[in-house]
Amino acid sequence: MIDVLYFAWVRERIGLPRERLDTAARTVRDLIAELTAREDRYALAFADLTSLRVALDQELSNFDAPLQGIREVAFFPPMTGG
Amino acid sequence: MRVSVQTAVFDLGTESNAFAASVPTAGAIVTFTGVVRDNAGTLSAMEIEHYPGMTEKAIAAMIEQAITRWTLTDALVIHRYGRLAAGEPIMMVATAAPHRGDAFAAAEFLMDYLKSRAPFWKKEIGADGAAWVAALSSDEAALTRW
């Protein structure tokens with residue numbers, strides 16, 4: 001089981017802030033493919049990966065990173081702090 | 001080092017004075033404050049979302065990096081989230097060092113990293129609706145100078 005978190009417009013498009021998934025995805029990219037195939041709202045949120053960032057266990061990562069041993073995946077747009 | 005991610009408004013004077021009092025041996029203190037801007041005069045509020053847990057860790061890691069890079073006595077970051085009105089302070093950075101060069105450079109470094117590497121997202125709420133603030137490529141480019 002893995003916790004998947006969504007922030008900002010990713011959260012709005014998908015319609016929930018977090019969910020717990022049972023997935024066999026080996027990488028972040030596999031997980032995105034799995035979600036995209038599920039429903040249109042996911043396909044819409046993940047349509048353009050250049051406008052998305054991913055964090056694994058609260059550390060910035062990349063789409064090819066393996067998910068083995070990861071408990072928390074977060075998807076969000078580029079950050080606008082400061 | 002102090003990192004505070006909070007909804008409450010902060011007082012720049014109070015925070016600056018407390019920080020200065022905590023670093024009596026520093027020769028230089030630099031502070032920066034970001035304020036909610038109302039460019040078009042139509043902003044009702046700004047809403048800031050963040051990633052609890054990651055935010056605090058990411059900011060602490062930035063400060064650690066600044067401490068290894070420059071000779072710093074201490075550093076402080078306060079960043080708000082939630083609903084903010086125009087003119088309210090969003091965040092502040094304070095750095096203390098023996099000399100001003102280190103204090104200025106570390107403050108700029110922290111600002112550049114907070115902009116693009118701290119998990120905050122701003123949404124502007126106006127009379128005509130709400131829109132997420134897009135990240136600027138110039139903010140991303142600013143990181144390359146470090």
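This one's a predicted model, so the numbers in the text were calculated from it and none came from an experiment. Atoms considered below: every heavy atom in the structure, side chains included; atoms not considered: hydrogens, waters and symmetry mates. Naming convention: chains lettered A, B, ... in sequence-line order (proteins, then strands); numbering from 1 in each chain.
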What are the two closest non-hydrogen atoms of [X] and [Y], and how far apart are they?
X        : Y         : value
Pro77(A) : Trp121(B) : O-NE1, 2.9 Å
Thr80(A) : Val133(B) : CG2-O, 3.4 Å
Met79(A) : Ala135(B) : O-CB, 4.0 Å

Taking side-chain hydrogen bond (donor to acceptor under 3.5 Å, both in side chains) as the test, write out the residues that go with Thr7(B), two or more places apart. none
Flag yes if [X] and [Y] sit in one hydrophobic cluster, no otherwise; membership is Ile, Leu, Val, Met, Phe, Trp, Tyr, and two members link when side-chain heavy atoms are under 4.5 Å apart.
X        : Y        : value
Tyr51(B) : Val77(B) : no
Ile48(B) : Ile78(B) : no
Leu60(A) : Ile2(A)  : yes
Val5(B)  : Leu84(B) : yes
Val30(B) : Ile63(B) : no

Look at [options] and state which one has the largest set of heavy-atom pairs under 4.5 Å with chain A.
options                                 : result
Ala134(B), Pro119(B), Gly34(B)          : Pro119(B)
Arg80(B), Met111(B), Lys123(B)          : Lys123(B)
Tyr113(B), Trp132(B), Phe120(B)         : Trp132(B)
Met91(B), Met92(B), His50(B), Lys115(B) : Lys115(B)

Is the count of non-hydrogen atoms from other residues, nucleotides or ligands lying under 6.0 Å from [X] atom [atom1] greater than 12?
X        : atom1 : result
Asp11(B) : CG    : yes
Arg71(A) : CZ    : no
Asp64(A) : CG    : yes
Phe10(B) : CZ    : yes

Contact listing (chain B partner; residues 8-20 of chain A; heavy atom under 4.5 Å): Ala8(A), Trp9(A), Arg11(A), Glu12(A)
Which answer fits Lys122(B), side chain, backbone, both or neither, if we ask what part of it has an atom under 4.5 Å from a heavy atom of chain A? both
Spatial distance of atom CG (Leu5(A)) from atom CE (Met54(B)) [nearest 0.5 Å]: 11.0 Å
